[in-house]
Amino acid sequence: MELYESKQHFIIQDGDHALWCDRIRGSLVAKSGTDLCDAWNPVCLGCIHGVVGKIKLHPDSDWRLILITERSSIGHAYGHHEVFRINKVVLLPLSLDETSELDLELCKKHHFGIQNKSAIRTSGMQQKALLKTWNSIKSAAGNVKPRRKDMKDKDKFEKRITEELLKMFNVLQSFYYTPTGDLTNSIQRQLHKEEYDTTKAVWQRVDDRFFWNKHMLQDLIGSKDSKAGHWVIPVIQGHIQIEMCKIQGEEGPGGSTIQQTAIRHPTKFQFTVISRRSRHRAGTRYKRRGVDEDGKVANYVETEQIIEFAPHVVSYVQVRGSVPVYWTQTGIKYRPPPRLNKGEEDTHKAFVKHFEEQLKVYKSIAVVSLTEQNGREKVISDAFLQHVLKYNSEHLTYISFDFHEYCRGMKFENVSVLTDNIEDVIKKLRYCWLVMYIIQPVFINLWSCYQKH
């Protein structure tokens, strides 16, 4: 898709679809691709791969578009949907200021023979005249000039947020999307026809918990124009890995290898891991802990493991999250001691909301608490168990495992102590299994892991 700059708009063209981004009001409007003819002297700035959405870093700032400029295909997920990892984005201010260098890929259609990207510019006289007029309007509207200190604080804040945002996308590279499929829902949720309406657009049936850029696309989501749906591409934060694996042949008499027949018994299978991080109560360690009034916990992640071994597809789901009570862990020390923030009654209301949502989605849950049974984390561990007992649900199994005690000194193999002792619980968890177009009557329960993070 191409990015155009015109007198009052940035226009993103994708075949028969166009997205007009107002440089004065900051609004996003979907139009037909043929409407580009109505733009005032549009100049192609280069090619992009998609739009994450728009963001305003400060109440007094201009809106900015988050544009995908580099991506990598990491494979095809269930349903043959190609999955992309976002490698690089740019922030494009929706203002009449002169557009800075975006370092976009040159457009083969409009930039034939151009090697220097800086040569791509609009005819500046009309643009400068419009900018001068707009600046005078803004000056007239602002009767009281902001103090210099306020401006410095604003600029400092914007710079810090911009750097963090670009780091999230361009360095950590933890954002993924597919233009055709749904990465927010597990395979089993997608198979529930009563709740998952495949006649709707993908963005209308996604799991709201993992629709990371939902707020950034509100202009389009709230639009009643059917053309807007083309530009609503849900992005998830987390990690996706898709690998082709091979099953070795069995060893026969005399050490020979018995190769399975490729047609009846394929030796290769695809293994996919999708970790989806919730957009609710997001934050870094130590700064974001526990539960909120809506029952959302910090650092909540759903991980789905998928094995595709034609004609079989098997899916297994786990979640993790912060202990669902009101607690914080602040201070400048390494691993500052946690403390409870609210009373039992308020905490239990949030606790109930959390597990009601979990049980609605996953039906039954095996909870593993990894907090310390003694020492500084004991207060969190005791509170968790107290609310589990008070909740008293037959669909919730509680298991305690002092991870730090058993795995001290990097002895992570000791996790086998946990898995060996709950083997019967693991067998009851089950999984989703389908054979081509025949859905087997096997269902997912949930393996849930709560720890102090």
Side-chain angles (χ1 to χ4, degrees), residues 1 3 5 10 12 19 21-23 25-28 45-72 74 83-95 97-105 150-178 183-184 203 206 208-221 231-240 275-288 296 298-301:
M1 56 186 73
L3 173 65
E5 180 180 14
F10 287 110
I12 302 169
L19 183 65
C21 313
D22 197 301
R23 302 176 66 175
R25 292 183 291 271
S27 59
L28 308 181
L45 300 180
C47 294
I48 63 172
H49 296 290
V51 181
V52 176
K54 71 174 187 178
I55 188 172
K56 178 174 281 196
L57 303 178
H58 188 276
D60 297 328
S61 301
D62 295 315
W63 286 100
R64 304 187 189 198
L65 279 179
I66 304 178
L67 305 176
I68 303 171
T69 58
E70 293 181 15
R71 68 180 184 180
S72 297
I74 62 169
V83 179
F84 295 95
R85 179 180 61 237
I86 299 175
N87 295 334
K88 186 178 180 181
V89 300
V90 295
L91 299 183
L92 176 62
L94 293 180
S95 71
D97 296 335
E98 184 175 351
T99 305
S100 59
E101 180 61 54
L102 299 176
D103 193 29
L104 302 181
E105 178 185 346
D150 292 339
M151 289 298 296
K152 289 181 66 175
D153 291 343
K154 169 181 170 291
D155 293 342
K156 184 178 179 180
F157 176 80
E158 281 188 341
K159 181 180 179 182
R160 181 169 64 86
I161 299 300
T162 299
E163 290 174 350
E164 288 294 328
L165 190 60
L166 292 177
K167 179 182 177 182
M168 288 171 61
F169 279 97
N170 301 348
V171 179
L172 301 179
Q173 296 184 353
S174 59
F175 293 91
Y176 300 81
Y177 73 99
T178 174
L183 296 177
T184 68
W203 66 268
V206 296
D208 183 74
R209 298 174 297 170
F210 309 117
F211 189 172
W212 188 84
N213 56 330
K214 179 180 180 180
H215 183 72
M216 299 178 178
L217 295 170
Q218 283 303 317
D219 280 14
L220 301 172
I221 292 175
W231 300 99
V232 182
I233 304 297
V235 171
I236 70 165
Q237 183 184 24
H239 178 75
I240 300 179
S275 285
R276 313 169 175 101
R277 186 178 185 184
S278 173
R279 67 186 181 89
H280 301 293
R281 198 156 175 74
T284 57
R285 292 181 63 192
Y286 299 117
K287 293 185 178 180
R288 186 71 70 183
K296 311 295 184 183
N299 297 306
Y300 182 94
V301 179

_CZ on Phe175 to CG on Asn170, rounded to 0.5 Å_ = 10.5 Å
*Gln173 to Arg85 - nearest heavy-atom pair and separation*: O-CD, 3.5 Å
*Could I get the full list of side-chain contact (heavy atoms from CB on, under 4.5 Å) partners for His58, not counting sequence neighbours?*
Asp60, Ser61, Lys154, Phe157, Glu158
_With a sphere of 6.0 Å drawn around NZ of Lys159, does it hold more than 12 non-hydrogen atoms of other residues, nucleotides or ligands?_
no
*Quick one: do Arg64 and Thr162 satisfy side-chain contact (heavy atoms from CB on, under 4.5 Å)? Show the steps, please.*
CA-CA 10 Å; Arg64 304 187 189 198; Thr162 299; 3.7 Å; yes
*Verify whether the ring centers belonging to Tyr177 and Trp203 lie closer than 6.0 Å.*
no
_Looking at Asp62 and Arg23, is any side-chain nitrogen of the basic one under 4.0 Å from a carboxylate oxygen of the acidic one?_
no
*Find the distance between OG1 (Thr69) and NZ (Lys88) and round it off to the nearest 0.5 Å.*
5.0 Å
*Search all heavy atoms of Leu3 against all heavy atoms of Ile12 and return the closest pair with its distance.*
CD1-CG1, 3.8 Å
_Can you tell me how the ring of Phe169 sits relative to the ring of Trp212, calling it parallel under 30°, perpendicular over 60° and tilted otherwise?_
perpendicular
*To the nearest 0.5 Å, what is the distance between CZ (Phe210) and NE2 (His280)?*
9.0 Å
*asked:* side-chain contact (heavy atoms from CB on, under 4.5 Å) for Asp208 and Arg279? Distances and angles first, verdict last.
replied: CA-CA 8 Å; Asp208 183 74; Arg279 67 186 181 89; 2.8 Å; yes
*Specify the closest pair of heavy atoms between Phe10 and Leu45, including all atoms of both residues, with the distance to one decimal.*
CE2-CD1, 4.1 Å
*With rounding to the nearest 0.5 Å, note down the distance linking NZ in Lys152 to NZ in Lys156.*
9.0 Å
*How far apart are the closest heavy atoms of Leu65 and Leu28, and which atoms are they?*
CD2-CD2, 3.8 Å
